[in-house]
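Notes to accompany the following structure.
All values derive from a computational prediction rather than experimental measurement. Note that the numbering runs from 1 along the sequence shown for the chain.
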Amino acid sequence: MPPTPDGGGPPGDPPFDDPVPIPLEGTLDLHTFRPSEVGALVPEWLEACRAAGLLELRIIHGKGTGALRRSVEAILARHPAVAAFRAADEGAGGWGATLVSLSPPSHPDRGEE
């Protein structure tokens, strides 16, 4: 079957065969996610940012009903690499975004844990 105009295979197939890498820039926009979808995403993103040396982050969850913000805050409160988090100031999204500070990664080979 010839490829569809979007470059994928038959209708309904994903448009790409392999995952598309997304550069880490220290901001995660969760506007299109439901609270039930962020449980694995946020911790994975935090670890990827930490490994890349990004320790000051912003998570945009929107204002809405606050359900997504509460889910994000619960994840951050339990994550061992999170040193602190707080609502962003108005210039960075106000209570529609959360600023996160991560502790630097430890280096067991240098006697740190």
Side-chain angles (χ1 to χ4, degrees):
M1 176 179 262
T4 58
D6 67 3
D13 277 358
F16 302 102
D17 292 332
D18 297 316
V20 177
I22 298 172
L24 290 174
E25 297 175 346
T27 299
L28 178 62
D29 189 342
L30 298 175
H31 274 106
T32 60
F33 293 87
R34 292 187 298 272
S36 61
E37 297 172 321
V38 301
L41 173 66
V42 171
E44 246 181 67
W45 180 76
L46 293 171
E47 289 302 330
C49 287
R50 189 174 182 226
L54 297 170
L55 303 179
E56 297 299 323
L57 311 174
R58 181 169 66 133
I59 300 174
I60 303 168
H61 39 68
K63 295 179 180 175
T65 65
L68 192 53
R69 175 184 50 84
R70 288 189 298 274
S71 294
V72 167
E73 289 176 348
I75 292 165
L76 297 174
R78 292 189 311 266
H79 198 285
V82 173
F85 64 92
R86 64 179 177 81
D89 59 24
E90 285 305 313
W95 56 276
T98 298
L99 302 180
V100 183
S101 295
L102 299 178
S103 58
S106 60
H107 299 283
D109 56 322
R110 294 193 298 206
E112 301 175 32
E113 294 199 25

Nearest non-hydrogen partners of Ala87 and Trp95, listed with the distance
CB-CA, 4.4 Å

May I ask you to decide if His61's main-chain N or O and Arg69's side chain share a donor-acceptor pair within less than 3.5 Å?
no

Answer with yes or no whether the hydrophobic clustering places Leu99 together with Leu68; edges join I, L, V, M, F, W, Y residues whose side-chain heavy atoms lie under 4.5 Å apart.
no

What closest approach, in Å, do Phe85 and Val82 show between heavy atoms, and which atom pair accounts for it?
CD2-CG1, 3.9 Å

Between Arg58 and Ala97, which heavy-atom pair has the shortest distance, and what is it?
CG-CB, 4.1 Å

From Glu44 CD over to Leu28 CG, what is the distance, rounded to the nearest 0.5 angstrom?
11.0 Å

Do Ile60 and Leu41 sit in one hydrophobic cluster, given that two such residues count as connected whenever their side-chain heavy atoms are within less than 4.5 Å of each other, even indirectly?
no

Contact between Leu102 and Leu46 at the side-chain level, heavy atoms closer than 4.5 Å - yes or no?
yes

A side-chain contact here means heavy atoms from C-beta on lying under 4.5 Å apart; do Leu24 and Trp45 qualify?
yes

d(Ile59 CD1, Ile75 CD1) to nearest 0.5 Å is 8.0 Å

Could you check if a side-chain atom of Arg50 sits within less than 4.5 angstrom of a side-chain atom of Leu55, using non-hydrogen atoms only?
yes

Closest heavy-atom contact between Gly93 and Ala88?
N-CB, 4.3 Å

